[in-house]
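Step one of this worksheet: look at the structure below.
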Amino acid sequence: MEAIEVRPDDGFVVVALAGELDVADADWSDAIDDALRDGASRLVLDLTNVTFIDSSVVRALVLAHRRVGPDGWLRLVYTHHLIARVIDICGLGEAFPQYTTVDAARRAAPTRAAAATLRAEAARATPIRRDAFSGDHHDGT
Amino acid sequence: MTARERSLRLPAELMSVREGRRFARDVVVEWGLRRLVDEVQLGVSELITNAVRHAQTDVELCLRLLDDRLSVEVRDFEPTLHRPAETRAADPLATSGRGLQIVAAVSRDWGVRGLTNGKAVWFALDLPDLASPDADVYPLVARGTDGAAGHPSDEADGAAEGSADRSMPARAVN
């Protein structure tokens with residue numbers, strides 16, 4: 001189950017989440033919303049103990065990223081390869097560079113992996129072909 | 001060769017996303033395909049999320065182990081195909097349309113087929129032994145059954161290559 005920990009810190013708020021994040025429960029998104037509603041504009045989401053995310057989480061991250069505004073920031077701490085992969089598939093390595101510790105996020109010191117993600121994105125074509133949605137309705141395995 | 005098949009029927013509830021994902025994970029591990037756990041979990045999570053949100057009917061999850069691939073299908077009982085409102089994969093900060101983008105990125109192929117009483121959205125994965133080097137992306141290696149440890153610093157590069165070339169046609173969506 002998810003463990004949610006909100007740690008008000010010096011000038012920024014850390015929300016630590018754990019477990020598998022998806023639409024099956026709203027606790028994790030409530031924790032993010034609560035922090036933003038309380039006026040946090042510099043937010044560290046500590047996903048170190050998160051083992052699964054899907055597009056519902058990505059959507060929440062993008063919305064939170066918008067809400068902190070141009071003067072704030074939202075930084076993600078993660079080390080799990082599945083999170084890195086989802087962020088990469090969604091082309092969000094630039095918006096959410098990888099920090100591997102809360103302290104690195106506070107100091108805005110992305111890891112090398114984030115730089116690799118950015119290079120990979122720059123070199124890559126559009127991740128899903130547009131004609132995927134313009135073909136016939138039915139196909140078989 | 002006899003295909004192995006496992007299925008699970010789930011109610012139209014958000015909790016079904018998690019239940020279906022865990023069921024699929026267990027089946028894949030039972031079949032000795034631990035290397036495909038990430039792909040299966042991501043694909044199942046996205047397809048069941050779509051089904052319970054849009055079709056709002058019961059959902060049937062079906063995994064089939066075939067000679068050359070693992071096929072995963074999520075059926076619902078509403079015949080209408082819901083096309084995504086937008087497919088702007090080029091906009092990283094879009095807030096919708098990502099679920100099928102993820103399915104497409106982790107699978108060899110995917111698509112939709114009509115059923116007499118609903119529809120099925122499916123994706124297929126290469127079996128690890130038959131996977132081409134390009135399809136054998138880093139998370140599979142990192143979670144390999146040989147117990148090899150992951151190499152986080154290699155992850156980002158490998159992930160990009162895994163989805164770069166898809167020659168199979170991907171069709172319409174729900």
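FYI, side chains are in, hydrogens and waters are out, and symmetry mates aren't considered; it's all heavy atoms of this structure. So you know, we letter chains A, B, ... as the sequences are listed, proteins then strands, and number each from 1. All values derive from a computational prediction rather than experimental measurement.
For A/I53, the part sitting under 4.5 Å from any heavy atom of chain B is the backbone (N, CA, C, O) and nothing else.
Look at B/R18 and A/E20 and you find no salt bridge, because none of the NZ, NE, NH1 or NH2 atoms lies under 4.0 Å from a carboxylate O. The residues B/D109 and B/R69 are annotated as not salt-bridged, no charged nitrogen and carboxylate oxygen being separated by less than 4.0 angstrom.
Cation-pi contact between B/R9 and B/F77: present, with separation from the ring centre below 6.0 Å and deviation from the ring axis of at most 45°.
When each of B/R53, B/E13, B/R21 is scored by its heavy-atom pairs under 4.5 Å with chain A, the top score falls to B/R21. Note: B/E46 leads B/E19, B/E46, B/M15 in heavy-atom pairs under 4.5 Å with chain A.
Note on ring orientation: taking the six-membered ring where Trp is involved, the planes of A/H65 and A/F96 are perpendicular (angle over 60°, cut-offs 30° and 60°).
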